[in-house]
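I have placed the structure first, in the form of structure tokens, so that the comments after it can refer back to it.
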Amino acid sequence: MNPRTGWPVQGIAACTVIAPTCMESDAMATACFVYGVEKSLAKFGARFPMRFTLMPTNRAQKASSIQKGASFPADASNNIRD
């Protein structure tokens, strides 16, 4: 839910943020989920490794896509199944 509008966030299925504590990670993931992919990566991507799972943009596209910041660990993506 977007706290500013009260409506569900559109287009993002999940957001993962790696932070020093689970509380920071949860807070940042929630904020980035609402803030959006591009703005989050631009503003916080250098400080926090993050990855977004995006919803398909149309009915013909069946699989979700992944977008991540440059600092997100490469081996962490190997466990994702499409």
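This structure is a prediction, so every number in the text was calculated from the model and none was measured.
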Side chains of residues 31-47: which donor-acceptor partners sit under 3.5 Å, not counting sequence neighbours?
unit_1	atom_1	unit_2	atom_2	d
Ser40	OG	Cys32	O	3.2
Ser40	OG	Gly36	O	2.6

For this session: Look only at the side chain of Thr16 and the backbone of Met50, and say whether a donor-acceptor pair between them is shorter than 3.5 Å.
Result: no
Seminar exercise, completed: OG1 of Thr5 to CD of Gln10, rounded to nearest 0.5 Å, is 9.0 Å
Exercise. Quick one: CZ on Phe48 to CZ on Phe72, what's the gap to the nearest 0.5 Å?
Worked result: 14.0 Å
Seminar exercise, completed: For Ser25 and Ala19 the tightest heavy-atom approach is N-CB, 3.6 Å
Exercise. Hey, does the side chain of Thr30 reach the backbone of Asp26 with a donor-acceptor pair shorter than 3.5 angstrom?
Worked result: yes
Exercise. Do the side chains of Ile12 and Thr53 get nearer than 4.5 Å, heavy atoms only?
Worked result: no
